[in-house]
Protein chains: 2
Amino acid sequence: MRPNKKDELVSKALEVFYRDGFHATGMDKLVVETGVSKTSMYKHFRTKDDLILAALELRDRNFREWFLNRVAEMADTPEGQLIAGFDALAEWFEEDNYRGCMFIKACSEFQEADHPIHQQAARHKQILLEHLTGLAKAAGAKDPDCLGSQMLLLKEGAIVSSVLINSGAPARDAKAAAQVLLDQALGHQAA
Amino acid sequence: MRPNKKDELVSKALEVFYRDGFHATGMDKLVVETGVSKTSMYKHFRTKDDLILAALELRDRNFREWFLNRVAEMADTPEGQLIAGFDALAEWFEEDNYRGCMFIKACSEFQEADHPIHQQAARHKQILLEHLTGLAKAAGAKDPDCLGSQMLLLKEGAIVSSVLINSGAPARDAKAAAQVLLDQALGHQAA
DNA sequence: CTTAATATGTACAGATCGGTAAACTTTATT
DNA sequence: AATAAAGTTTACCGATCTGTACATATTAAG
């Protein structure tokens with residue numbers, strides 16, 4: 001079994017957790033959906049929570065890689081990339097299996113701030129925040145920390161809204177808002 | 001049993017669902033936490049989902065009443081109220097038992113768009129959106145629908161961020177962003 | 001071919017899940 | 001006091017939950 005069966009398990013489990021939720025997904029369902037026996041699962045991961053953590057790690061890597069690459073394709077200046085992030089969001093929202101942000105959902109289901117799953121989700125958002133703040137600084141914003149935080153606010157608001165109203169429209173409103181905030185932070189005059 | 005035992009049940013159940021989540025809260029836990037027998041519960045509500053719906057209805061009423069009153073206390077112009085909403089959020093974030101938005105969490109746990117619980121959560125957000133859009137229109141915004149949607153984006157982003165980083169700070173960044181967007185929508189010059 | 005690692009199916013334990021049945025107690029009204 | 005509504009306790013159902021035991025099959029390397 002050289003072709004990594006463990007990674008395959010995590011990848012499939014990620015799909016199911018994302019689609020159906022964490023508590024709503026039992027290990028028996030995972031046996032069926034992943035094609036991996038329960039015995040093997042518990043040989044790779046001591047508990048269900050450990051498997052969830054592995055799935056979240058994979059999600060973190062996949063999402064960030066996709067997002068950063070997509071943004072880099074669309075723009076090559078810091079200002080441009082800050083705005084392009086919202087176009088990338090819009091594309092994401094239109095995907096068939098789009099179900100919102102896995103990390104927001106993880107925090108919804110594991111609410112204690114000191115829970116490992118909660119903390120891992122928080123780490124993902126922290127990394128995104130640092131990336132956005134870095135772009136804000138590179139763009140020359142007056143208060144990069146504030147602008148970066150605001151960009152993240154808009155993104156998360158757009159994600160939540162897109163799920164609630166079942167539409168990709170919030171990505172556009174968020175992009176327009178981001179443009180105004182960016183112009184203001186760079187000292188440009190509003191139209 | 002005149003003093004409405006049913007309302008008491010819903011109110012207590014709301015607390016527990018908000019604190020621990022929906023799937024993570026079993027009916028047996030509710031028996032202990034609410035002091036109401038399981039038989040009585042199932043006399044009032046045919047299923048657990050029905051009880052969840054009742055809890056969400058109560059939450060919807062409570063939250064909107066609190067929010068609207070608090071905002072009205074803080075400001076009496078449409079522009080002022082749009083901004084004051086973020087001060088109200090900040091107060092909410094500082095509450096001891098603050099656990100984020102119950103409706104976002106409901107949608108996280110009941111993801112199918114046609115699920116009654118999902119739809120009820122969506123209705124709550126829709127009402128808030130209409131309220132914000134109304135304020136935007138009354139304030140004389142160029143595009144009230146867009147501005148209202150953006151205010152909601154910022155609010156939801158602030159809620160999610162406040163949970164993830166376990167801090168009330170996002171309310172301030174959201175307020176600052178809202179001020180910039182409002183000024184721009186009203187045709188004011190940025191600083 | 002042998003060995004050791006890694007997979008598998010099946011069966012199960014003990015707890016908990018949502019939900020029900022039946023007999024009993026409390027309460028408010030007449 | 002009699003009655004009916006509403007609440008309670010206790011016990012239970014079948015299903016599902018996380019997690020384990022055990023015996024067997026597949027695989028890769030020496």
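The side chain of A/K5 lies closest to C/dA7 when the candidates are D/dG19, C/dC17, C/dA7.
Between B/W66 and B/F63, the angle of the ring planes lies from 30° to 60°, which puts this pair in the tilted group. B/H131 and B/F67 have perpendicular rings, their planes meeting at more than 60° on a 0 to 90° scale where under 30° would count as parallel.
In this structure, CD of B/E8 is placed 11 Å from P of D/dG7, rounded to the nearest angstrom. One interatomic measurement links the two molecules: CG of A/N4 to P of C/dT6, which rounds to 11 Å at whole-angstrom precision. Per the geometry, CD1 belonging to A/I52 stands 9 Å off P belonging to D/dT18, to the nearest Å. Rounded to whole Å, the distance from NZ on A/K29 to P on D/dT18 is 10 Å. Distance, A/K43 NZ to D/dA25 P: 16 Å, rounded to whole Å. Between A/L30 atom CG and D/dG19 atom P the separation is 12 Å, expressed in whole Å. Rounded to whole Å, the distance from CG on B/D49 to P on C/dG18 is 10 Å. If you measure from atom NZ of B/K48 to atom P of C/dT20, you get 15 Å, rounded to the nearest angstrom.
Between the side chains of B/E109 and A/S108, no donor-acceptor pair is found at a separation under 3.5 Å.
For B/S40 and D/dA6, the shortest distance from a side-chain N or O to OP1 or OP2 is not below 4.0 Å. Taking 4.0 angstrom as the limit, B/H44 places a side-chain polar atom (N or O) nearer than this to OP1 or OP2 of D/dG7. Side-chain N/O atoms of B/H23 include none lying less than 4.0 angstrom from OP1 or OP2 on D/dC17. Side-chain N/O atoms of B/Y42 include one lying less than 4.0 angstrom from OP1 or OP2 on C/dG19.
Rounded to 10°, the angle separating the first-five-pair axis and the last-five-pair axis of the helix from C/dC1-D/dG30 to C/dT30-D/dA1 equals 10°.
Applying the ring-ring contact (aromatic ring centres under 6.0 Å, His included) criterion to A/Y18, with sequence neighbours excluded, gives no partner residue.
By the 4.0 Å N-to-carboxylate-O rule, A/K29 lies close enough to A/D20 to be salt-bridged with it. Looking at B/R19 and B/E33, a side-chain N of the basic residue comes within less than 4.0 Å of a carboxylate O on the acidic one, giving a salt bridge.
Each of B/T39 and A/T39 was matched to the nucleotide of DNA chain C holding its nearest heavy atom; the match closer to the 5' end belongs to A/T39. Taking the nucleotide of DNA chain C with the nearest heavy atom to each of A/K38 and A/M41, the more 5' of the two is matched to A/M41.
Aromatic ring centres of B/H118 and B/F110 lie farther apart than the 6.0 Å criterion allows.
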